[in-house]
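What follows is one structure encoded as structure tokens, with my remarks underneath.
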There are 2 protein chains.
Amino acid sequence: MKNNTNTNNMPEAEILYDLAELFKIFGDESRLKILFVLGEGEPCVEEISDKLNMSQSAVSHQLRILKTSRLIKGRRDGKRIYYSLADDHVHSIIAQGREHVEEE
Amino acid sequence: MKNNTNTNNMPEAEILYDLAELFKIFGDESRLKILFVLGEGEPCVEEISDKLNMSQSAVSHQLRILKTSRLIKGRRDGKRIYYSLADDHVHSIIAQGREHVEEE
DNA sequence: CAAACATATGAATAAGTGTTCATATGTAAC
DNA sequence: GTTACATATGAACACTTATTCATATGTTTG
């Protein structure tokens, strides 16, 4: 038996770090909005910035962050790059958050 | 015509704001550690700061943030205040995040 | 080639945040 | 009351971060 039996559920340092980094990504309104827009289709950068009233540069900066975190992916077609959600985790993580926020 | 975000799945502004605020709470290693410790029992402030090698003041500041977000609750017994998770959402939100982080 | 268009990127700035330090509040024992 | 203990709180500081502005990169068309 190990010395310390009370910290079984504490993740390893690297997991903990990654987890905090992941939630930081979701902890910004602009990025959340972008993720919701991507949940509805596969928009290009211009469409995103138009819909959200954000500058092209601001959107592009945030897209880079989202892509680095592997939450979204981009597909180039000509001059445009079309972005979409990378997997279903985005949906489920946000859904869990909404349950807490929309409660009562 | 008013310029608004009339997309189907986009939450209302207030929900969006609250959602970002919620994820900001999770987006910090110290707070995550505290939440994991609370997941294992009902520690007092001193126990938390001992386990996590954080100062009493730092822990107390973070506990206030977590309590304000209704993620944890405190129960006073004498000089000590014992903290615990407020509901199951904490578990499920973190679990979803871990699935993404621990993947591959 | 050049021009026009879509997107990315670097630097600067302003706003936000977590910790520390010092101190205050609350509680129990004497 | 006063002393000791447990926790909370305010201010200051260092650090992070989202946006803006200017510019660069990549792509298509003429």
Side-chain angles (χ1 to χ4, degrees), chain A residues 13 16-38 41-84 86, chain B residues 5 13 16-38 41-86:
Chain A
L16 209 52
Y17 176 85
D18 291 344
L19 202 49
E21 290 303 304
L22 177 68
F23 285 125
K24 272 180 203 161
I25 307 293
F26 287 95
D28 177 80
E29 274 194 79
S30 296
R31 282 190 292 267
L32 279 182
K33 286 182 193 170
I34 291 175
L35 291 174
F36 276 110
V37 171
L38 297 205
E42 195 193 22
C44 65
V45 178
E46 199 184 14
E47 288 176 298
I48 300 170
S49 65
D50 284 353
K51 267 189 185 169
L52 301 181
N53 278 319
M54 291 177 64
S55 74
Q56 176 268 318
S57 180
V59 170
S60 208
H61 277 294
Q62 297 304 336
L63 287 173
R64 193 171 59 80
I65 293 173
L66 290 167
K67 199 160 68 174
T68 301
S69 312
R70 304 198 324 276
L71 293 171
I72 69 172
K73 59 191 175 193
R75 174 182 64 85
R76 169 152 244 152
D77 181 15
K79 286 180 283 194
R80 298 224 166 84
I81 302 180
Y82 297 92
Y83 284 94
S84 56
Chain B
T5 59
L16 209 52
Y17 176 83
D18 291 344
L19 203 48
E21 290 303 306
L22 177 68
F23 285 125
K24 272 179 204 163
I25 306 293
F26 288 94
D28 177 79
E29 273 193 81
S30 296
R31 283 190 292 268
L32 279 182
K33 285 182 194 170
I34 291 174
L35 290 175
F36 276 110
V37 171
L38 296 205
E42 195 194 23
C44 65
V45 178
E46 198 184 15
E47 287 176 300
I48 300 170
S49 66
D50 283 353
K51 264 190 187 171
L52 302 181
N53 277 320
M54 292 177 63
S55 74
Q56 177 268 319
S57 180
V59 170
S60 208
H61 277 295
Q62 297 304 337
L63 288 173
R64 192 172 60 81
I65 294 174
L66 292 166
K67 199 160 67 174
T68 301
S69 313
R70 305 200 321 275
L71 293 171
I72 68 171
K73 58 191 176 193
R75 174 182 66 85
R76 170 152 242 153
D77 183 15
K79 286 180 282 192
R80 298 223 167 86
I81 302 180
Y82 297 92
Y83 284 94
S84 56
L85 301 181

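Note on naming: letters A, B, ... go to the chains in the order of the sequence lines (proteins, then strands), and numbering restarts at 1 for each one. Keep in mind that this is a model prediction, so the values were computed, not measured. Note that these values count all heavy atoms, side chains included, but never hydrogens, waters or copies made by symmetry.
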How would you summarise protein contacts on nucleotides 25-30 of chain D per nucleotide, using B for base, S for sugar-phosphate only and - for none, with heavy-atom distances below 4.0 Å? -SBS--
Report the distance from atom CG of L66(A) to atom P of dA8(C), rounded to the nearest whole Å. 12 Å
Interatomic distance, K67(B) NZ vs dT9(D) P [rounded to whole Å]: 7 Å
F36(A) side chain reached by L16(B) side chain, heavy atoms, under 4.5 Å: yes
When rounded to whole Å, the OH to P distance for the pair Y83(A) and dA6(C) reads 15 Å
Choosing from dT19(C), dT7(C), dT9(C), which nucleotide comes nearest the side chain of R80(A)? dT7(C)
Spacing between D28(B) atom CG and dT16(D) atom P, to the nearest angstrom: 13 Å
For the residue pair L32(B) and L19(A), establish whether any side-chain heavy-atom pair is separated by less than 4.5 Å. yes
Quickly work out the K24(B) NZ to dA18(D) C1' distance and round it to whole Å. 11 Å
Which residue pairs satisfy the side chain to side chain donor-acceptor pair (under 3.5 Å) criterion with at least one member in residues 19-36 of chain B, sequence neighbours excluded? E21(B)-K24(B), R31(B)-Q62(B)
Provide, to the nearest angstrom, the distance between the CZ atom belonging to R75(A) and the P atom belonging to dT7(C). 12 Å
Do the side-chain N or O atoms of Y82(B) get closer than 4.0 angstrom to the phosphate oxygens (OP1, OP2) of dT7(D)? no
Between dT19(C) (C1') and I34(B) (CD1): distance, integer Å: 12 Å
Set out, in order, the CA-CA distance, both residues' side-chain angles and the distance that settles side chain to side chain contact (heavy atoms under 4.5 Å, CB included) for S57(A) and H61(A), then state yes or no. CA-CA 6 Å; S57(A) 180; H61(A) 277 294; 3.6 Å; yes
Are V45(A) and L63(A) side-chain neighbours, meaning at least one heavy-atom pair lies under 4.5 Å? yes
With sequence neighbours excluded, what pairs up with A13(B) under the side chain to side chain contact (heavy atoms under 4.5 Å, CB included) test? none
Look at the side-chain N and O atoms of R64(B) and state whether any lies under 4.0 Å from the OP1 or OP2 oxygen of dT7(D). no
According to the salt bridge (charged side-chain N to carboxylate O under 4.0 Å, His left out) rule, which pairs have a member within residues 74-84 of chain B, sequence neighbours left out? E42(B)-R75(B), E46(B)-R80(B)
Quick one: Q62(B) CD to dT7(D) C1', roughly how many Å, whole number? 15 Å
Counting only heavy atoms and a strict 4.0 angstrom limit, can you tell me which residues of residues 41-50 of chain B come near DNA chain C? none
Quick one, L22(A) with L71(A), criterion side chain to side chain contact (heavy atoms under 4.5 Å, CB included). Give me CA distance, side-chain angles, the key distance, then yes/no. CA-CA 9 Å; L22(A) 177 68; L71(A) 293 171; 4.0 Å; yes
What's the verdict on side chain to side chain contact (heavy atoms under 4.5 Å, CB included) for I48(B) and L38(B), showing C-alpha distance, side-chain angles and the deciding distance? CA-CA 8 Å; I48(B) 300 170; L38(B) 296 205; 3.9 Å; yes
Give me, pair by pair, the N or O atoms of the protein and of nucleotides 20-23 of chain C that are less than 3.5 Å apart, along with how far apart they are.
unit_1  : atom_1 : unit_2 : atom_2 : d
dT20(C) : OP2    : S55(B) : OG     : 3.1
dT20(C) : O4     : H61(B) : NE2    : 3.3
dC21(C) : N4     : S57(B) : OG     : 2.6

L66(A) CG to L35(A) CG distance, which is reported to the nearest 0.5 Å: 5.0 Å
Please work out which of the three classes, parallel, tilted or perpendicular, describes the rings of F23(A) and F23(B), given edges at 30° and 60°. parallel
